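All values reported here derive from a predicted model rather than from experimental measurement. One-based numbering, in listed order, for ligands and for the atoms of each. All heavy atoms count here, side chains included; hydrogens, waters and symmetry mates do not.
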Amino acid sequence: MDRSITDAFPEVQVLEHEPLSKYTNTQTGGPADLLVFPKSVTETKQLVLWAKETDTPLTIIGNASNLIVRDGGIRGLTLILTKMDDIQVNGNQVVAEAGAALIQTTEVAYQAGLTGLEFAAGIPGSIGGAVFMNAGAYDGEISEVLASAEVLTRDGEIKRLDNRELDFGYRHSSVQDHQDVVLSATFKLRAGDANKIRSRMDELNRLRASKQPLEYPSCGSVFKRPTGYFTGKLIHEAGLQGFTVGGAQVSMKHAGFIINVGGATATDYMDVIHHVQATVLKQFGVELETEVRIIGEEK
Ligand SMILES: Cc1cc2nc3c(=O)[nH]c(=O)nc-3n(C[C@H](O)[C@H](O)[C@H](O)COP(=O)(O)OP(=O)(O)OC[C@H]3O[C@@H](n4cnc5c(N)ncnc54)[C@H](O)[C@@H]3O)c2cc1C
């Protein structure tokens with residue numbers, strides 16, 4: 001299999017058995033059999049078609065900030081899209097490629113005097129991951145500012161989906177159901193006062209730094225908010241803050257985060273997640289569903 005991808009794409013750098021802990025925000029995770037950082041839509045499309053034709057499993061990753069890769073790693077071909085990171089301003093619209101950082105996109109919007117994306121100033125994902133997850137914070141959500149997204153189907157067809165077709169919900173988009181690859185997103189913003197935009201972004205980033213354990217590797221909020229409850233409060237009241245397995249620990253600063261205090265494995269993360277879920281279910285009868293995406297094989 002390795003030789004055939006190299007034969008098919010002699011110009012493309014293919015990393016073999018590459019540890020994904022080098023790229024994930026938790027700094028955990030096993031190796032990708034084959035890892036490529038595509039540089040263009042054409043390259044991405046050719047690789048997706050190669051995976052289909054050779055029956056090779058295909059995994060798409062953005063900035064790996066909402067991801068746990070199990071310690072056995074990922075079979076087949078993994079694409080990390082962060083080299084496709086162009087951002088353009090076109091009137092009141094910002095068009096960003098899938099691998100562009102959401103944080104960088106909010107900076108570009110601010111520099112162009114466009115308001116609407118301030119809520120995302122501190123979300124450390126890529127545009128593709130943000131559309132996939134319908135990322136949101138501080139009363140804002142991608143679905144509220146996204147005009148359309150260009151996606152690549154697993155059959156190699158490129159389509160433009162408008163906001164409605166993306167079927168957004170709480171941390172949900174249709175991309176999750178169809179396994180499309182997000183290629184770019186177009187945000188519809190409004191002309192605003194640059195000083196006000198900057199101060200709102202700074203304010204939200206200060207708030208984030210005061211409440212979240214940003215000094216440690218993590219994958220953000222691990223669990224979704226169950227209807228009628230606050231996840232952090234449940235975990236706090238269950239006495240779980242500080243609970244540690246290996247190097248993975250329920251943060252003392254924000255109960256919804258599990259931080260890597262040093263040397264954590266994905267298995268440590270999974271053990272902490274399962275313990276938190278079991279304890280909260282036992283004490284409060286509430287099922288915590290993971291927001292973080294868990295992929296790959298056990299070791
Ligand atoms: C400190 C910290 C704070 C955070 N704060 C927030 C917050 O306030 N709000 C919030 O919503 N999230 C937050 N997150 C989580 C995370 O940043 C978001 O969910 C983000 O949108 C994930 O983007 P990503 O590129 O990192 O996705 P990844 O983690 O790389 O991937 C997540 C999922 O998206 C899929 N995916 C990624 N790119 C594509 C693509 N181009 N096409 C198709 N599928 C794709 C992957 O297959 C995977 O299933 C936080 C995380 C951290 C570490």
Side-chain angles (χ1 to χ4, degrees), residues 20 23-29 32 37-38 41 44 48 57-69 74 78-85 96-106 118-144 146 149-154 158 161 166 168-185 204-205 207-209 211-225 231-232 251 253-254 256-260 269 290-296:
L20 289 165
Y23 308 101
T24 58
N25 268 255
T26 59
Q27 298 179 7
T28 67
F37 288 80
V41 168
T44 304
V48 167
L58 174 69
T59 302
I60 308 296
I61 294 181
N63 210 30
S65 65
N66 194 44
L67 205 60
I68 292 175
V69 177
I74 303 180
T78 299
L79 305 182
I80 298 187
L81 300 188
T82 48
K83 292 228 161 91
M84 288 169 51
D85 62 353
E97 280 193 301
L102 188 53
I103 290 175
Q104 185 57 28
T105 310
T106 65
E118 294 89 323
F119 74 89
I123 302 180
S126 69
I127 291 295
V131 173
F132 181 97
M133 291 302 299
N134 187 18
Y138 304 110
D139 291 333
E141 231 174 33
I142 289 296
S143 62
E144 290 162 12
L146 188 107
E150 196 173 53
V151 302
L152 172 70
T153 69
R154 297 279 171 135
I158 294 179
L161 301 179
L166 283 155
F168 284 119
Y170 171 55
R171 299 296 170 267
H172 176 270
S173 72
S174 66
V175 185
Q176 294 174 13
D177 309 327
H178 302 143
Q179 291 202 304
D180 293 336
V181 182
V182 177
L183 297 173
S184 70
L204 294 184
N205 275 329
L207 208 56
R208 214 172 253 281
K211 296 211 181 310
Q212 299 181 355
L214 302 182
E215 53 284 12
Y216 288 98
S218 79
C219 47
S221 293
V222 173
F223 303 101
K224 289 185 182 169
R225 191 182 54 235
T231 314
S251 167
K253 192 168 173 184
H254 187 310
F257 278 53
I258 299 175
I259 55 176
N260 181 350
Y269 262 86
T290 49
E291 173 173 328
V292 63
R293 312 292 292 193
I294 299 156
I295 61 175

Undergrad: Compute the shortest N/O to N/O distance between Ser126 and ligand 1 and return yes if it is under 3.5 Å, no if not.
TA: yes
Undergrad: Without swapping roles, check the side chain of Asn63 against the backbone of Ser126 for a donor-acceptor pair under 3.5 Å.
TA: no
Undergrad: Of all the heavy atoms in Arg171, does at least one lie under 4.0 Å from an atom in ligand 1?
TA: yes
Undergrad: Report the distance from atom CD1 of Ile123 to atom CZ of Arg208, rounding to the nearest 0.5 Å.
TA: 5.5 Å
Undergrad: Does any N or O of ligand 1 fall below 3.5 Å from an N or O anywhere on Phe257, backbone included?
TA: no
Undergrad: So which heavy atom on Ile127 is nearest to which on Ala185, and how close?
TA: CG2-CB, 3.6 Å
Undergrad: Nearest heavy atom to atom 23 (O) of ligand 1 wins, so pick from Gly125, Ala135, Ala64, Cys219.
TA: Gly125
Undergrad: List the closest protein heavy-atom neighbour of atom 26 (O) of ligand 1: residue, atom name, distance to the nearest 0.1 Å.
TA: Ser65 OG, 2.6 Å
Undergrad: Suppose we measure from atom 13 (C) of ligand 1 to each protein heavy atom; which comes out shortest, and what is that distance?
TA: Ile123 CG2, 3.8 Å
Undergrad: Would you kindly specify which portion of Asp180 sits under 4.0 Å from ligand 1, judged on non-hydrogen atoms: side chain, backbone, both or neither?
TA: backbone
Undergrad: If you count heavy atoms of other groups shown closer than 6.0 angstrom to CG of Asp177, is the number above 12?
TA: yes
Undergrad: Can you name the atoms of ligand 1, numbered from 1 with element, that are less than 4.0 Å from a heavy atom of Arg293?
TA: 33 (C), 48 (C), 49 (O)
Undergrad: Apply the side-chain contact (heavy atoms from CB on, under 4.5 Å) test between Pro217 and each candidate in Asn260, Asn25, Ile259; give the one that qualifies.
TA: Asn260
Undergrad: Near Ala137, which atoms of ligand 1 are under 4.0 Å from a heavy atom of that residue?
TA: 8 (O)
Undergrad: How far apart are the closest heavy atoms of Pro38 and Lys83, and which atoms are they?
TA: O-CB, 3.6 Å
Undergrad: Using distance alone, decide if ligand 1 has a nitrogen or oxygen within less than 3.5 Å of any nitrogen or oxygen in Ser218.
TA: no
Undergrad: Out of all atoms in ligand 1, which are within 4.0 Å of some heavy atom of Leu81? Include the element for each.
TA: 41 (N)
Undergrad: Taking all non-hydrogen atoms of both residues, which atom of Ile103 and which atom of Ala121 are closest, and how far apart?
TA: CG1-O, 3.2 Å
Undergrad: Geometry only, no angles: is Gln212 polar-contacting ligand 1 at N/O separations under 3.5 Å?
TA: no
Undergrad: For ligand 1, which atoms, with element, lie under 4.0 Å from some heavy atom of Val181?
TA: 42 (N), 43 (C)
Undergrad: Tell me, which protein residue and heavy-atom name are nearest atom 29 (O) of ligand 1, and how many Å apart are they?
TA: Asn66 N, 2.8 Å
Undergrad: In terms of residue, atom name and distance, what is the protein heavy atom nearest to atom 4 (C) of ligand 1?
TA: Pro124 CD, 3.6 Å
Undergrad: Note the single closest protein heavy atom to atom 34 (O) of ligand 1, along with its residue, its atom name and the distance in Å.
TA: Phe132 CD2, 3.1 Å
Undergrad: With Leu166 as reference, evaluate Ile142, Val182, Asp180, Leu161 under the side-chain contact (heavy atoms from CB on, under 4.5 Å) test and give the passing residue.
TA: Leu161
Undergrad: Looking at Ser173 and Val131, would you say the former's side chain and the latter's main chain have a donor-acceptor pair under 3.5 Å?
TA: yes
Undergrad: Determine whether more than 12 heavy atoms belonging to other residues, nucleotides or ligands lie under 6.0 Å from atom OH of Tyr138.
TA: yes
Undergrad: What protein heavy atom lies closest to atom 38 (N) of ligand 1? Include the residue and the distance to one decimal.
TA: Gly129 N, 3.4 Å
Undergrad: What do you reckon, does Glu291 have a nitrogen or oxygen under 3.5 Å from a nitrogen or oxygen of ligand 1?
TA: no
Undergrad: Does atom NZ of Lys211 have more than 12 heavy-atom neighbours, drawn from other residues, nucleotides or ligands, at distances under 6.0 Å?
TA: no
Undergrad: What atoms of ligand 1 come closer than 4.0 angstrom to any heavy atom of Ala98?
TA: 41 (N)
Undergrad: Under a 4.0 angstrom heavy-atom cut-off, which atoms of ligand 1 come close to Leu214?
TA: 1 (C)
Undergrad: Keeping Arg225 on the side-chain end and Tyr170 on the backbone end, is there a donor-acceptor pair under 3.5 Å?
TA: no
Undergrad: For Leu102, which part has a heavy atom under 4.0 Å from ligand 1: side chain, backbone, both, or neither?
TA: neither
Undergrad: Is Arg208 close to ligand 1, meaning an N/O of one under 3.5 Å from an N/O of the other?
TA: yes
Undergrad: Would you say the side-chain atoms of Tyr23 pair up with the backbone N or O of Ala64, donor to acceptor, closer than 3.5 Å?
TA: no
Undergrad: Check the surroundings of atom CZ in Arg171: do more than 12 heavy atoms from other residues, nucleotides or ligands lie under 6.0 Å from it?
TA: yes
Undergrad: Which heavy atom of the protein is the closest neighbour of atom 53 (C) of ligand 1, given with residue, atom name and distance?
TA: Gly220 N, 3.3 Å
Undergrad: Pick whichever of Thr26, Ile60, Ile61 has a heavy atom sitting closest to atom 47 (O) of ligand 1.
TA: Ile60
Undergrad: Mind checking whether Gly136 has an N or O less than 3.5 Å away from an N or O of ligand 1?
TA: yes
Undergrad: Can you list the atoms of ligand 1 that are under 4.0 Å from a heavy atom of Asn63?
TA: 24 (P), 25 (O), 26 (O), 30 (O)
Undergrad: Donor-acceptor check, side chain of Ser251 to backbone of Gly256, threshold 3.5 angstrom: yes or no?
TA: no
Undergrad: Note the single closest protein heavy atom to atom 41 (N) of ligand 1, along with its residue, its atom name and the distance in Å.
TA: Val182 O, 3.1 Å
Undergrad: Between Asn134 (side chain) and Ser143 (backbone), is there a donor-acceptor pair under 3.5 Å?
TA: yes
